[in-house]
Amino acid sequence: MNMFITMDGDGHNDPADIPNLIAHLEAKNLDVVAGWRVDRQDTFGRSFVSRGANLLRKIFLNHTFTTAAAR
């Protein structure tokens with residue numbers, strides 16, 4: 001089985017979560033799993049930019065899932 005794991009570049013994702021994601025992938029026989037942060041404590045600027053990027057993705061790509069960036 002080949003596996004690719006991607007993480008953010010700013011250190012917000014905890015590598016310790018990787019075994020849980022892999023276990024879920026294998027237990028449910030899935031092709032893809034994704035996680036997202038809850039109860040984020042982003043600054044106003046970071047939230048503003050992230051929401052803007054989400055809006056542009058939705059408008060131009062009809063992309064609506066929550067794992068691409070913060071809500």
Side-chain angles (χ1 to χ4, degrees):
M1 171 195 306
N2 293 321
M3 191 173 302
F4 294 92
I5 299 170
T6 62
M7 297 183 69
D8 67 337
D10 60 5
H12 280 102
N13 296 121
D14 187 353
D17 292 331
I18 293 171
N20 291 334
L21 291 170
I22 293 171
H24 185 74
L25 177 102
E26 292 173 340
K28 301 290 184 176
N29 194 29
L30 301 172
D31 294 322
V32 175
V33 293
W36 66 89
R37 299 182 299 265
V38 294
D39 298 326
R40 293 179 60 152
Q41 303 297 317
D42 290 336
T43 64
F44 172 78
R46 186 178 187 101
S47 292
F48 182 79
V49 170
S50 183
R51 288 173 193 244
N54 285 341
L55 178 62
L56 291 175
R57 265 192 298 279
K58 183 175 182 178
I59 291 170
F60 292 108
L61 302 175
N62 195 28
H63 182 264
T64 59
F65 57 88
T66 59
T67 59
R71 285 193 246 178

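The model shown is predicted, which means the values in this text are computed figures rather than measured ones.
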Margin query: Could you list the cluster mates of Phe4? Members are the ILVMFWY residues connected by side-chain heavy atoms closer than 4.5 Å, either directly or through other members.
Written below: none
Next item on the list: Among Ile, Leu, Val, Met, Phe, Trp and Tyr joined by side-chain contacts under 4.5 Å, find the other residues sharing a cluster with Phe48 and list them by chain and number.
Entry: Phe44
Item checked: Interatomic distance, Arg51 atom CZ to Asp42 atom CG [nearest 0.5 angstrom] -> 9.5 Å
Item checked: Test side chain to side chain contact (heavy atoms under 4.5 Å, CB included) applied to Ile5 - qualifying residues, sequence neighbours left out -> Met3, Met7, Ile18, Ile22
Check: What about Leu21 and Leu30, same hydrophobic cluster or not, with Ile/Leu/Val/Met/Phe/Trp/Tyr joined at side-chain heavy-atom distances under 4.5 Å?
Finding: yes
Check: Rounded to the nearest 0.5 Å, what separation is found between the CG atom of Asp17 and the CG atom of Asn20?
Finding: 6.0 Å
